[in-house]
Each structure stands twice: as structure tokens, then as C-alpha cells.
2 protein chains.
Amino acid sequence: MRFTAKIRPKCSECPIRHRAVCARCDDGELAMLEGIKVYRSFAAGDPILRRGDPLTYVASVVHGVATLNKTMEDGRTQMVGMLFPSDFIGRPGRVEIDFDVVAVTDVTLCCFQRRPFERLIATTPHIAQRLLEISLDELDAARDWMVLLGRKTAREKIATFVHMLVRRQSVVGSLGDGAPLILPLTRDEIASYIGLTLETVSRQLNAMKKEGILRFTDRRRFEIADLTALHIATGDDEEGAPAYC
Amino acid sequence: MRFTAKIRPKCSECPIRHRAVCARCDDGELAMLEGIKVYRSFAAGDPILRRGDPLTYVASVVHGVATLNKTMEDGRTQMVGMLFPSDFIGRPGRVEIDFDVVAVTDVTLCCFQRRPFERLIATTPHIAQRLLEISLDELDAARDWMVLLGRKTAREKIATFVHMLVRRQSVVGSLGDGAPLILPLTRDEIASYIGLTLETVSRQLNAMKKEGILRFTDRRRFEIADLTALHIATGDDEEGAPAYC
DNA sequence: CGCATGATTTGATCTGCATCAAGGAAATTA
DNA sequence: TAATTTCCTTGATGCAGATCAAATCATGCG
């Protein structure tokens, strides 16, 4: 169930104003973006874009979480990205995308028609610069994820995934031991993201519960009981804010 | 053994002129780039940049092949990219890189000091646009590689890797059955790129030789005896120019 | 409420690839 | 040309995680 809102919330009050593609815009540039933007909402489970769809618009995630999924001929799937608020969907200069974008929670997007948006980035350097920055950050994150997929053990994969959630969900908010977190994905979806099966995900998650690293209040809600142990379990070296944050 | 050439070959005669970061530049913009560029050469095996190095310059690959490598605390490594002529190294706006860049063949780079280059992209939209395009292409390629690492079998991984080589090495040139190709990486390096061990790489490569899909003239030189079979072995669907090309 | 449906857990077994081990072939150096 | 080193092949064995199979739990619905 998707709808296009008639209203256009003010950019100046937007929760992602300082992190999204518009982050660097001055008032004039923001006004131009504001002129072509449209909000769209998607319910949890809805497809946002399907592979091969004409890419008529690009967008920023305002609320909620979406995933990018690739599917092989025979049905095997690999999630290739998770989008949180301020992340960008679509790419100027391309007419279609080659993966599916799915809303895993209720999602609100701030959409721009691709053509007008392309014209805008050709003329307003601040948007193009920010978009380049965002793309390069995503590229770094993708490369970190390649290490996870290619070299990490099941346990390290789970720990890294949870650690990533901690960082992304507490961009603002009290991090540290004891923060309440939400698992936006099912076991199956997690498995798809980290290159495992749902059974292995379940087993590893429960193992970390028994070890006292995680504490579940619910199947979807949990807290980090021991952040240090979690970090050690990721197999990554010393702090140093990995790119997938 | 690395040296910085005193000479600056003319951009207008550059083999990557129409594909590199300068592809969209007009004569004036090209002149500005030409003013700050310096060629550097590296011998096969040389490190080009080390993790944590200050990123004093960015560059385009002119000749040769380089790899991007990530290393975990305990020594496990994952190659996260292969750079061919016209590919770009480094990112404006970041002071250091978090992986190693290594020349796997003799390599020539066209280097730009990072600061002047950043100033250039802030003012010449054609460079920024092309850089965005290149980055987004790399992001697509990284995502395709995530599918390979997370979901493909050893055989599919090898086939996909070889298929990628075919495409990248015959950007210009007679593709199709029977084109002579070079394996720029050792078995160990291939293993690092596709998330396997060198033994498995060796076995799969020999299996494809026995099946008549590949024909080796040498350990490093081979031809595709059956391109269709190779493509089927990748596990990818119908043609459709994957992003890692 | 009782049932249906989908998500999760848990157990048993299997297997693809890693790991361990040992030669052989090429390239490099002396 | 021998000696060294690096790269590659091939075989034997082991194991992490996949696959197969059943409960159990949760949630929505009539």
C-alpha cells in the first residue's frame, strides 16, 4: 500500500536535512529541491522498486529501513545493502536499476523525478558534491561487506551485522551497553545479508544470547549486554569507525 | 622500484582519454588537469599505497593492473577490487585509505595532488560528474561481487572471474571464442579476490580445462574455448553487461 | 477462542570447500 | 647449471555451515 502525500513537509524541519543528499545545500538550492520533491510512503513488505523498472525517480529515505536485493536465475538471493534514514536510492544517469528495493519497515521517501534532479545536479555543485560523498561512503561500506562475505566466520558475520545495527541505529541516541535496539530484519533476511542460512543465523544469535553478549526482550527487540565482547567477536581491529556506519 | 617521470605525455594522445576521470573534459579543463598531472610507474609487486597512508594524491591507471586489498587483524585477506586502465584510485575528501593498493603488473599512473584536484572538481563540473559516474559504476560492480562472494559456488566464482577478465581485457579487441587472454593474478591472488583458497582455484581451473572450456598455453596465458559454456557456468542470467565490466 | 500461517528454534545428517601434506614445474639468482 | 624460491598441482582428511526435518512459538483472523 503506497501513497503519494499531497503535503510537502518543510525541508528546514526535516530529520535528515543535515545528512542526506541535500546536506550541503544553501537556502536557494534547498528551495529548488523543495520545488520538485514529493513524499511517498510504503508499508512494511512493499516493493519500492523492482529490478528492471524504469528509474523514473530518485529518493532519500526519511523514515524506516529498506533493503537492496539481488536475485540469481535459480532463486538464490543476496542482500547488497540496507538503507537507513538519509540514505539515497537510485542513480542519476541510469535508466533502470538491477536490483529490488524493498521496504522492510514502514518507509517514507523524499522523491525527486530523475530528470529534473539530473538537471539540478548539473547546475548546483553542492548536491553533486554531497552525492559523490554519499556514493563513496557506500562504496567503502560495500568493500567492508565484501570482507565479511568472503572471509568471516558465521559468528563474526553475526557480530559484525549486530555491530553495524548498533552504529546505524544510534546515530543520535545513547549508545553503549544497555541501549534498546530493534532487529529490522527477519532471520531469513539477515541470512541473506550476511551470506548464511536462516538456521545458522538463529543458532549464532542464540549462542551470543547464552554467552551474555546479547539480551533479547522479544524476537525483534534486544540490547547489547557486552559491547566489548561484541566488538571482539566481529574480528575487526581496533575501533576506527568502519565505513558501513 | 618507483619513479616519477619528468615528462608529461600529452592528454590528447592518452589511451584512457575517453574513459578516465577526464573523459568529459573540454580543452580548457583538460589543460588544467594537464598542468597538475604527474606520471608515476611501479614495478609488478610494488605497493602503490598502504593502508593508513596519508592520501596525498589521487590517480588514474594508465597502463597495467592494480589490486585493492583488505587485511584482517589475524592476517586473512580479501581483495576488494581490481583496477584496469582508466580506473581511478583514491577519493577526494578523505585523508587516508583503509586498504592496500598493489601493482600486480607493471603499472603507470597519471597522478594528481589531492588538494589541487579537489579544488578542480569543485569548479569544473565535468570532472565531478565523471567521477560520480565512475564511483557509481564501481559501486554496482562491488554489489555484483557481493553476490559472488555470498552465494556462488567455487565453480561459479571461477567462471565469473574469468568472464570478468574477458570483458575487461577486450574493451577494444576481438572478443569471442579464441581470443588470447592473460591471467594477471596468481592462484593465490585469484583466491583472495573470489573468497576461496588457492587449492580450490587450481582445482576448478583445471576442471574447466579438462571440460574444454578453457585452453591454457601457459600458466598465465589462455583462451576461451567455449564462451557459451563459460557464461552458463557463471550462474548469471542472460547477457546484460554486468556492472563489473 | 481456535485455527491458520509464517517465523523461529532445535536436532540430525550431509557436503563443498578448507586444511594439511607432499611433490613437481617455472622462474630467479648465483 | 645448479641452487633457491615461488608458484602450482594433486591427494587425503576434516569441519563449518548447508540441508533436511520437526517441533514450538507468535500473530492475525474468522
> Can you find a side-chain donor-acceptor pair between B:Lys152 and B:Thr160 that sits under 3.5 Å?
Replying inline: yes

>> Output the rounded distance in Å from CG (B:Leu183) to P (D:dC8).
In response: 8 Å

Between N or O atoms, less than 3.5 Å apart, protein on one side and nucleotides 10-12 of chain D on the other: list the pairs.
| from | atom 1 | to | atom 2 | distance (Å) |
| --- | --- | --- | --- | --- |
| D:dT10 | OP2 | B:Asn206 | ND2 | 3.2 |
| D:dG11 | N7 | B:Arg203 | NH1 | 2.9 |
| D:dG11 | O6 | B:Arg203 | NH2 | 3.3 |

> Roughly, in whole Å, what's the span from CG in A:Leu196 to P in D:dA16?
Replying inline: 14 Å

> Can you check salt bridge (Lys or Arg N to Asp or Glu O under 4.0 Å) on B:Arg168 and B:Asp87, steps first, answer last?
Replying inline: CA-CA 11 Å; B:Arg168 300 236 33 177; B:Asp87 286 339; 3.2 Å; yes

>> For a quick check of understanding: with a heavy-atom distance under 4.0 Å over all strands, which category does A:Thr186 fall into, base, sugar-phosphate or nothing?
In response: sugar-phosphate

> So does B:Arg187 get a side-chain nitrogen or oxygen closer than 4.0 Å to the phosphate oxygens (OP1/OP2) of D:dT9?
Replying inline: yes

> Rounded to the nearest 0.5 Å, how far apart are OH of A:Tyr39 and SG of A:Cys111?
Replying inline: 10.0 Å

>> By nearest heavy atom, map A:Asp218 and A:Ala154 onto DNA chain D; which one lands nearer the 5' end?
In response: A:Ala154

> Between A:Arg76 (CZ) and D:dT19 (P), how many Å, whole number?
Replying inline: 9 Å

> Do we see a donor-acceptor contact under 3.5 Å between the side chains of A:Asn69 and A:Thr67?
Replying inline: yes

> Which part of the nucleic acid, if any, lies within reach of B:Gly195 when heavy atoms closer than 4.0 Å are counted: base, sugar-phosphate only, or nothing?
Replying inline: sugar-phosphate

> Between A:Arg51 and B:Asp237, does at least one N-O distance fall below 4.0 Å, as a salt bridge requires?
Replying inline: yes

> Any side-chain N or O of B:Arg220 under 4.0 Å from OP1/OP2 of D:dC8?
Replying inline: yes

> CG of A:Leu205 versus P of D:dC25: gap in Å, rounded?
Replying inline: 18 Å

>> Rounded to whole Å, how long is the line connecting atom CG of A:Asp74 with atom C1' of D:dA18?
In response: 15 Å

> Looking at D:dC7, C:dA18, D:dT19, which one has an atom nearest to any side-chain atom of A:Thr197?
Replying inline: D:dT19

> Rounded to the nearest Å, what distance is computed from the CZ atom of residue B:Arg221 to the C1' atom of nucleotide C:dA26?
Replying inline: 15 Å

>> Below 30° counts as parallel, above 60° as perpendicular, anything between as tilted: where do the rings of A:His163 and A:His231 land?
In response: tilted

> Which sits closer to the 5' end of DNA chain D, A:Thr153 or B:Asp188, going by the nucleotide each is nearest to?
Replying inline: B:Asp188

> Please give, in whole Å, the distance from C:dA7 C1' to A:Leu185 CG?
Replying inline: 14 Å

> Counting any heavy atom closer than 4.0 Å, what does B:Arg155 reach on the DNA or RNA strands: base, sugar-phosphate only, or nothing?
Replying inline: nothing

> When the distance from CD of B:Glu189 to P of D:dC7 is rounded to whole Å, what number comes out?
Replying inline: 8 Å

> Between B:Leu139 and A:Arg91, is any pair of side-chain heavy atoms under 4.5 Å apart?
Replying inline: no

